[in-house]
Student: 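Supplied in structure tokens, the structure appears directly below.
Chain identifiers are assigned alphabetically (A, B, ...) following the order of the sequence lines, protein sequences preceding nucleic acid strands; residue numbering begins at 1 within each chain. For the numbers below, each heavy atom of this structure counts, side chains included, while hydrogens, waters and symmetry mates do not.
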Amino acid sequence: MTCRVRFAPSPTGNLHIGGARTALFNYLFARKKGGKFILRIEDTDIERSTKEFEKSILEGMRWLEMEWDEGPIYQMQRMDRYKAKVQELLDAGKAYRCYCTAQELEAKRQLAMKEGRKPKYDGKCRDLEPRNPSTQERCSIRFKAPTEGTTVVHDICRGDVSFENKELDDLIIARSDGTPTYNFTVVVDDMDMQITHVIRGDDHINNTPRQILLYEALGFPLPQFAHLPMIFGPDKKKLSKRHGAVSVIEYQEQGFLPSAMQNYLARLGWAHGDQEIFTKEELIQAFDLEQVGKSPSVFDIEKLKWVNSQHMLKLSNDEIFDRTVPFLEKRGIKVNDRTMGIKAVTSERERGRTFDELAEISTFYFRDVIEFDPKSKDKWLNDEGKKTLSVLVERLSGIEDFSDHNIGEVFKKLIEETGKKMLDLAQPCRVALTGTTVSPGIYEVMAILGKDAVLNRFKRAIAA
RNA sequence: GCUCCCUUCGUCUAGCGGUCUAGGACAUAGCCCUCUCAAGGCUAAGAUCGCGGGUUCGAACCCCGCAGGGAGCGCCA
């Protein structure tokens, strides 16, 4: 039987880091096994679901290159199917109508907590004589769960986890407005979609025994379960807005590569020996659910940046440039000369760990007027520095072919004549040209900028 | 409170009874390279394997307690 897995986000927020990792593991598993990866939108929370969030989730999926084979399937379009299944359980006596009000239930919950009991439904309506539903009295439908015995979850990642059925209560499968609830729809959907492996976050493990009971009541064979450990923020608390960027699209906006994000996310809770850097193909090849760890991991942006830099190193200069352009444009820079642009960005490529960083440090090439960093200016654009620049203006003007090599010759000659150190020549140039004391090799910078720009910037620095 | 789960350097992790005086990676520090900064190379520091008991000739790995952390306990998903 071919494997069928699904990712089932609810469109009540953007695709966040944790969701993306879950999606990725499903995706990798499906590809590795030659199975199907299905996308399902769990949009039954009408209050909070929006089309915008759904679009954003799909965008995130596409950005991370997790192509789905089927779907998206919308739960809202399957209402009739759920209702039919609820009726089936009702007819079989495996579910019953509950007339308790939400307020009543909430009061009982509070009381139970206060008294140190587990706040579960007391079964008040469980054995009520069935009333005539046509009276239109508001009621929810509850699943009649077994009160004794043990339900064992055979989990691929964590082994066997057992629950006493008496700890589980009669969960509501349909609200009083007739709409089905999560634990019920997941089961019906996974059954109908013939899901073979349910791979999801381990915040769902406590729901799993209930779902197993539902499978049994509905007379369906169980899928395999795999619960993935959570991803935490630096404070070891569940990742949330407080930790900054949680949504994957924000990482796209920060100039990370999809392949790097995949790589980093895959290594959270999973490892393949000592290997750190993986291509997508390598991930698919090496991925194994049984190797997934059990303990939660902390999301570390620094390591993500490093992984990203490693993936950037593999790109061609053209590709690096093309991916940097949007980030230059964000800074109001329009690159007219592509050849020059490629040279400029290439000269900086090892200095940026994301495309956003790369764009930032490359801007000086494209601005007509650069700003001097105050500290750098004080240190290097002093009388001595300006004198040096003046001499250079004179010497450099004489160069016809303004090349790396020829510029270097001028510097060497000047050093020979004056006995000055290279540092004392290079730094004033750097500040004059880039505004800071950090840049690629100074000959290279000059050659890329071109003679006119260099001389203009020198003159402006001397006058500053 | 109750139920379930987790626990190896600051962080991600390797380890699946002897090869562990615990390996790699990020971050940190230093050195090399060098016109600055990166990249790259080398080195250092950093984990009494949460704690306490067992089992065993032998335990990070198996068992039992304890502690800490997390998740769930919704007419949310």
Side-chain angles (χ1 to χ4, degrees), chain A residues 8-13 42-45 47-49 75 98 100-102 105-106 109 112-121 138-142 153 155 158 161-164 166-169 171-183 185-186 201-209 227 229-230 232 234 236-238 264 267-277 291 293-307 309 313 348-353 361 376 380 408 411 415 421-427 429-431 434 436-443:
Chain A
S10 70
T12 53
E42 307 210 326
D43 53 356
T44 53
D45 184 350
E47 301 280 303
R48 297 186 299 148
S49 297
Q75 290 193 316
C98 172
C100 300
T101 64
L105 261 16
E106 183 55 28
R109 225 188 325 272
M113 291 265 235
K114 216 171 121 191
E115 292 178 354
R117 300 193 326 269
K118 187 170 180 169
K120 44 176 238 179
Y121 181 59
R138 279 183 76 81
C139 65
S140 56
I141 314 288
R142 284 186 187 271
V153 181
D155 195 281
R158 7 196 93 225
V161 182
S162 47
F163 296 82
E164 293 301 319
K166 66 173 190 293
E167 296 294 340
L168 277 20
D169 60 358
L171 82 162
I172 289 176
I173 55 176
R175 304 181 182 94
S176 42
D177 65 0
T179 56
T181 57
Y182 169 73
N183 279 297
T185 57
V186 201
D202 92 17
D203 46 344
H204 287 286
I205 195 143
N206 289 293
N207 287 326
T208 309
H227 288 93
M230 308 263 80
F232 288 158
K236 312 240 180 189
K237 291 259 175 3
K238 199 172 168 178
Y264 177 73
R267 284 285 287 95
L268 247 32
W270 174 82
H272 184 63
D274 286 338
Q275 188 171 352
E276 296 285 350
I277 301 302
Q291 290 292 314
K294 303 175 186 190
S295 48
S297 37
V298 173
F299 186 82
D300 180 10
I301 185 83
E302 285 305 314
K303 183 140 183 187
L304 205 213
K305 283 184 184 167
W306 175 77
V307 171
S309 73
L313 251 24
E348 289 280 16
R349 60 175 292 172
E350 280 165 357
R351 262 158 287 258
R353 295 192 295 174
I361 56 181
S376 307
W380 296 103
F411 274 67
I415 287 169
K421 283 189 293 188
M422 179 60 190
L423 184 73
D424 296 318
L425 294 193
Q427 290 306 68
C429 292
R430 216 165 239 129
V431 178
T434 74
T436 73
T437 55
V438 174
S439 85
I442 201 66
Y443 308 152

Student: What's A/Thr437 touching, base or sugar-phosphate or nothing? Going by heavy atoms closer than 4.0 Å.
Tutor: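 Touches a base.
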
Student: Taking only the P atom of each, what is the distance from B/C2 to B/A14 in whole angstrom?
Tutor: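 Pairwise P distance, B/C2 against B/A14, rounds to 33 Å.
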
Student: Within the 4.0 Å heavy-atom criterion, would you say A/Phe232 contacts the bases, only the backbone, or no part of the nucleic acid?
Tutor: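 Result for A/Phe232 = sugar-phosphate.
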
Student: Between which nucleotides of RNA chain B, read 5' to 3', does contact with chain A run, using atoms under 4.0 Å from its heavy atoms?
Tutor: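 On RNA chain B, the outermost contacted nucleotides are B/G1 to B/A77.
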
Student: Please examine the side chains of A/Thr181 and A/Arg175, heavy atoms only from C-beta on, and report whether any two atoms are closer than 4.5 Å.
Tutor: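 The answer is yes, as the side chains (C-beta and beyond) meet within the 4.5 Å cut-off.
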
Student: Which part of the nucleic acid, if any, lies within contact of A/Lys120, taking any heavy atom under 4.0 Å across all strands shown: a base, the sugar-phosphate backbone alone, or nothing?
Tutor: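 Nothing, no nucleic acid heavy atom in range.
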
Student: Checking base pairs now: Watson-Crick or wobble, both atom distances under 3.5 Å. What partners B/G17?
Tutor: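 Its partner is none (no Watson-Crick or G-U wobble pair with both distances under 3.5 Å).
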
Student: Name the pairing partner of B/C31, where a pair is Watson-Crick or G-U wobble with both distances under 3.5 Å, or state none.
Tutor: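 Partner of B/C31: B/G41.
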
Student: Looking at side-chain heavy atoms only, is the closest gap between A/Asp203 and A/His227 below 4.5 Å?
Tutor: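 Heavy-atom side-chain distance check fails, nothing below 4.5 Å.
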
Student: Using heavy-atom distances to pick each residue's nearest nucleotide on RNA chain B, tell me which of A/Asp274 and A/Gly269 is more 5'.
Tutor: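 Nearest nucleotide further toward 5': that of A/Gly269.
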
Student: In the strands shown, is B/A25 matched to any nucleotide by a Watson-Crick or G-U wobble pair with both distances under 3.5 Å, and which?
Tutor: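 B/U11 - that is the nucleotide pairing with B/A25, both distances being under 3.5 Å.
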
Student: Who does B/G52 pair with, Watson-Crick or G-U, both distances under 3.5 Å?
Tutor: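 Base partner found: B/C64.
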
Student: Please report the distance separating the C1' of B/A27 from the corresponding atom of B/C33, rounded so that it comes out in whole Å.
Tutor: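 These two C1' atoms come out 23 Å apart once rounded.
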
Student: What distance, rounded to whole Å, do you find between the two P atoms, one in B/C16 and one in B/A22?
Tutor: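 Their P atoms lie roughly 16 Å apart.
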
Student: Describe the nucleic acid contact of A/Thr44 in one word from base, sugar-phosphate, nothing, applying a heavy-atom distance below 4.0 Å.
Tutor: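 Sugar-phosphate, backbone atoms only, no base.
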
Student: Considering every strand and a 4.0 Å limit on heavy-atom distances, what is the contact class for A/Asn207: base, sugar-phosphate, or nothing?
Tutor: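 Base contact.
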
Student: Mind checking the P distance from B/A47 to B/C9? Whole angstroms is fine.
Tutor: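 So the two P atoms sit 9 Å from each other.
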
Student: Expressed as a whole number of Å, how far does the P atom of B/G23 sit from that of B/U48?
Tutor: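 Here B/G23 and B/U48 have their P atoms 14 Å from each other.
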
Student: At 4.0 Å (heavy atoms only), tell me whether A/Glu276 reaches a base, stays on the sugar-phosphate, or touches nothing.
Tutor: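 Since a base atom lies under 4.0 Å of A/Glu276, the category is base.
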
Student: Is there a Watson-Crick or G-U wobble partner for B/C73 with both distances under 3.5 Å, and if so, which one is it?
Tutor: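 B/C73 is paired, partner B/G1.
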
Student: Would you classify A/Ile442 as touching base, sugar-phosphate or nothing, given that sugar-phosphate means primed atoms plus P, OP1 and OP2, and contacts are heavy atoms under 4.0 Å?
Tutor: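 If one applies the 4.0 Å heavy-atom cut-off, A/Ile442 turns out to touch a base.
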
Student: Give me the distance, rounded to whole Å, that separates B/C62 from B/G17 when you measure between the P atoms they each carry.
Tutor: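 Straight-line distance between the two P atoms is 8 Å.
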
Student: When you compare B/U8 with B/G54, how far apart are their P atoms, in angstrom units rounded to a whole number?
Tutor: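 Their P atoms lie roughly 24 Å apart.
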
Student: Say we look at B/C64 and B/U21: how far apart would their C1' atoms be, to the nearest angstrom?
Tutor: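 It works out to 30 Å between them.
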
Student: For A/Ile172, answer base if it contacts any base atom (sugar-phosphate contacts may also be present), sugar-phosphate if it contacts only those atoms, and nothing otherwise; contact means non-hydrogen atoms under 4.0 Å.
Tutor: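 Base, at least one base atom sits under 4.0 Å.
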
Student: What nucleic acid atoms does A/Pro440 come within less than 4.0 Å of, heavy atoms only: base, sugar-phosphate, or nothing?
Tutor: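 Base, at least one base heavy atom under 4.0 Å.
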
Student: So what does A/His204 touch, heavy atoms closer than 4.0 Å: a base, only the sugar-phosphate, or nothing?
Tutor: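 Contact class for A/His204: base.
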
